[in-house]
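Each chain gets a letter, A, B and so on, in the order its sequence line appears, and its residues count up from 1.
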Amino acid sequence: MGDWWTPAMMTDPILDTKDLSSISGISISPSRQNSLPSLHSTMTLPKTSYSVLSAFCTEENVSQCITYINQEVCSLGLSGVSLECNSDGLNAVPVLNLLYELVQLHRKAQRTLQELESQQLKNESDVNHLQHNNSRLKDQLEHARRENSGLHEGERQLQLKIKTLQNCLKSEKEEVQKLQSIISSRATQYNHDTKRKERECTKLKERLNQLLMDKRDKKLAIEVSNYVGRSDGKRGLWKTGKMEARHEGEMYKALLSDYESRQRSLMLENSELKKVLQHMKKDMISILSPKKPCVKTEPAEDSLEQVASEGEEETTDSSRETLEQSCEQAREQLTNSIRLQWRKLKSHMERLDSQASLVACQERESEDVISRREHEEEMQRMRLEVQQCKDFIHMQQQLLQQDMSSPCDEETAALLNDCYTLEEKERLKEEWRLFNEQKKNFERERRNFTEAAIRLGHERKAFEDDRAAWLKTQFLNMTPFVDRKRPALPETQSALSVSTEPEAKIQSTPPLLTKSQSYTAFSTPKAAPVKMPSTADLYRSLRLIPESRSHGRRQSSETLDKSRLRHGSADCSVFSLVRDENSPI
Amino acid sequence: MNFSDVLKQSNQLCKISPDGKYVATCVQYRLMVRDIINLQIVHLYSCLDQVMHIEWSSDSMFILCAMYKRGLVQVWSLEQPDWHCKIDEGSIGLVSSRWSPDGRHILNTTEFHLRITVWSLCTKSVSYIKYPKACQKGMDFTSDGRYMALAERRECKDYISVFVCDDWHLLRHFESETQDLAGLEWSPNGCVLAVWDSCLEYKILLYSLDGRLLSSYSAYEWSLGIKSVTWSPSSQFLVIGSYDEKVRILNHITWKKIKEFDHPGTINNCKKSVYKEVEQTTVVGGDNLSIHQLTAGNSLFSPKSKYEITPLPAQLPVIKPDLDRANPKIGISAMAFSSDNRYLATKNDNMPQSLWLWDMQKLCLLTVLEHTAPIRCFIWDPSRPRLALCTGNTKVYIWSAAGCLSVNLRVEGIFQVQSLLWHPSGSSIVLLSKEQFCICYMDSED
């Protein structure tokens, strides 16, 4: 309450103004309860607030009013506060207290009223809602009821229908039964009738037969000009018991022979089948046995099986022996072993299949490698084909040549001749070219030699000059240095013998030395004639070098390039010798 | 293929002698026996009336001519042209006449199946067999001619009698477990007798020669049953054609079904082949119309045809039979084995234009031959696996494992092949039209 107090006081002016209007309004209710006059008074209060007549309290009735108020207050439960009437009038404090109390009361009442009103509103809305809901549910209920009744109606109708159908079915059944009975009765009737008819028929036939027989039909006859012998040539026999027995015997014989032949064929078939079985078994064993090593590498279960199969094989052999005697036991054994092996084979096949599929997968991956191989193979094949074609062409040519050799069509002969001369010409041309080349080479060499010869001539000349000068000086001087020259000569001769050795040696010898050698070589045989050597002489004297060259050429005509590459140095050296000879000049 | 001249014939009476030397034909009341090679008339006999049926005796020495209307049978001898035999069945009537296998007895069935009269040419004796049953095939001889099985009906029950043909001694007589026996047939080895019930009940019974019931077989109940029954020449298979358009094959050891051949309207198994006859409209140009073509009327006015392989799945022409009528045109009505047991030919009645050929080694369908017209007749070559068939037009169709062909008859006039007969050696075929016949000589090399 304390909390509430202050703000209430704070907002007093506003509250008061509000309250004033509300008071005026609300004050109606208690007054209404009290009496009409009071109501009247309060009604008129705002207008004539101080009109004496209508006022509740007047000068005269103050005490009465007080008591009345007191009573009222008492009845309101505010007993602690009572108004006392003094002589000088109303004591203000209790009145104010009372008033305050009243105001409080009023406020409370007001609040509760408000609450109640809101409650009321809420309730009203609730009620509304509920009412609405109710009505809705009622509608639903109604609908459901209607539906229900409809369904009920349908059900009833269906029931009715069922009933009628059942009736129908029953009647149908009855009809069917009736019809069936009719049919059966008819059938029996008809059967009976047919039987009767048949009997009658037979009777009639009998009768007819009888009559015909009795009548001794004149027409019934056979006219044969003369009797015919039996096809088998035998005579007809009398029907006797013996004959009957013979017929029986023959019949049984025929049957027996049939059964025998059938048995024979079955036996044959059986033996065939046995053979097949045996063969199969053998095959199976042969298929399974070489697998042993590779199988053994596989898990233990297989090896176990293998052991079993080994044991099996023994029994197989025994069964094979007993196969010929077709006794029960052997058969059973055989079938059992076959079955076992078959199972094994199957499992093996399955394993192989799985492996094969794996391999296939792998192969698919490495397909391009295969394709390359195939490609190569294809290439090989094609090459072979080409070779074959060539051979073929060659053969054709040969044949053509043969044809050519034999006198044939002149035109084609001429054409072929042309062809061949052309070929010949080509070959000759080629040879010519080679020859030319050779000639050119020779020419060049010759030129080189002539040049070398010229140079040699010059040198010799110089040498001659020198010698002449030297001889002159010798001659002129006539000094005792003569014996000094003697030992020098054999030395040079030995050097000459060295020079005749292969070029490789020459190559190794320093050019200066060869020079001296050549000097000595030329000097020794032809010391006396001092003249220019002819080219023929040159060739003769220098045969050593060109001959070896030509020899080298001839030998390496095909492998010229190779030899050039390999023995290039040797060749070069030959030329270098010449060049070295040239160089000093 | 060459064709002989066209000669006259009546009632499709044209038979080749069992020894293959002669061909007997009837024109009205005249019986002519011709040499098969040059068709020269060797003998000419005159019967008392129009002949309805002729039959060679097994030794080719006699020919039987039956005149059913008069109840007469006349027998002629080839060796002694002046020898003559006349059998008169008298007022009792005659419906069927046939030779016994020995060629010395004639079995005449009288009207109303009253009895079977057995006439002997050797002794002039006559014997009767009473109560023969009137049915599809009530009498059959074993192939060696020793025994005859006869269906009988006594006191509304079916009986089977087995006779020894030598002296017509009744060997066995036993009741058959049929409701209404429709037919019986000996196995080719003569040891098993197949007996089947009428179409109202699917039931086939197998009896031993001594009358023991070996086995019985029924595929289904409550609908129309067996339509045709055939033994394989080796006696190994018994094939049963039925109204459910299926062929069932029984084996000879257990007498159980080993295979069922269906005749579907569509063939979609790509391993099979369907040959369809395709007619080619010939363009007759005015320029190349030679006299030869004019005279050869047959080939001129009838379109050429050839077999073409139909791409699968192939639809076969199927007619819808009226199932409410008796003997509906449905089911397997004809079956025939090739002489080497290798092939089976069947005809389904509601696919009358198609012939089905089955491989009996693989027990599966081989080919279907589809024609432009319903098949009239198909017969295997007795000497090799070759089949000839006709469809009532001017062509002959030949099938062999190598292939099939249709041959237009190069004969004068219009010749529509209604029926055909193979020569026992397989060297020629006798082609019969309504009023004529000619011989088609096969090329020797094929």
Walk me through whether Lys205(A) and Arg115(B) qualify under side chain to side chain contact (heavy atoms under 4.5 Å, CB included). CA-CA 9 Å; Lys205(A) 275 182 186 174; Arg115(B) 64 185 184 205; over 6 Å; no
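For Cys47(B), the side-chain contact (heavy atoms from CB on, under 4.5 Å) partners are Val51(B), Cys65(B), Met67(B), Gln74(B), Trp76(B), not counting sequence neighbours.
Interface remark: of the candidates Asp210(B), Asn189(B), Val73(B), Val126(B), Asp210(B) forms the most heavy-atom pairs closer than 4.5 Å to chain A. Interface summary for chain A: among Met61(B), His113(B), Arg154(B), the most heavy-atom pairs under 4.5 angstrom belong to His113(B).
Classification of Glu248(A) and Arg172(B) as a salt-bridged pair holds, one side-chain N sitting under 4.0 Å from a carboxylate O. Comment: Glu198(A) engages Arg153(B) in a salt bridge, judged by a side-chain N to carboxylate O separation of less than 4.0 angstrom.
Within a 6.0 Å radius of CZ in Arg196(A), more than 12 heavy atoms belonging to other residues, nucleotides or ligands are found. Counted within 6.0 Å of CE on Met267(A), heavy atoms from surrounding residues, nucleotides or ligands total 12 or fewer; the atom is thus considered open. For His192(A), the NE2 atom counts as loosely surrounded, since its 6.0 Å shell holds 12 or fewer non-hydrogen atoms of other residues, nucleotides or ligands. More than 12 heavy atoms of other residues, nucleotides or ligands shown are found within 6.0 angstrom of CZ on Phe174(B). Counting heavy-atom neighbours within 6.0 Å of Tyr190(A) OH, excluding the residue itself, gives a total of 12 or less.
His247(A) has its side chain out of reach of Arg146(B): every pair of non-hydrogen atoms, C-beta onward, lies at least 4.5 Å apart. Within the 4.5 Å cutoff, the side chain of Lys130(B) has heavy atoms near those of the Glu206(A) side chain.
Only the side chain of Leu266(A) comes within less than 4.5 Å of a heavy atom of chain B; its backbone N, CA, C and O stay farther away. For chain A, the nearby part of Ser208(B) is the side chain; its heavy atoms alone come within less than 4.5 Å. Neither the backbone nor the side chain of Val75(B) comes within less than 4.5 Å of any heavy atom in chain A.
Taken from CG in Leu208(A) to OG1 in Thr110(B), the straight-line distance is 8.0 Å, to the nearest 0.5 Å. Atom CD of Gln179(B) sits about 8.0 Å away from atom CG of Asn191(A), to the nearest 0.5 Å. The structure places OG of Ser187(B) at 7.0 Å from CG of Asp258(A), a figure rounded to the nearest 0.5 Å. Atom-to-atom distance recorded for Glu269(A):CD and Ile253(B):CD1 is 6.0 Å, nearest 0.5 angstrom.
Among all heavy-atom pairs drawn from Ala254(A) and Cys191(B), the shortest one is O-SG, 4.0 Å.
Each of Glu244(A), Met251(A), Glu250(A) was checked for a side-chain contact (heavy atoms from CB on, under 4.5 Å) with Leu171(B), and the lone residue meeting it is Met251(A).
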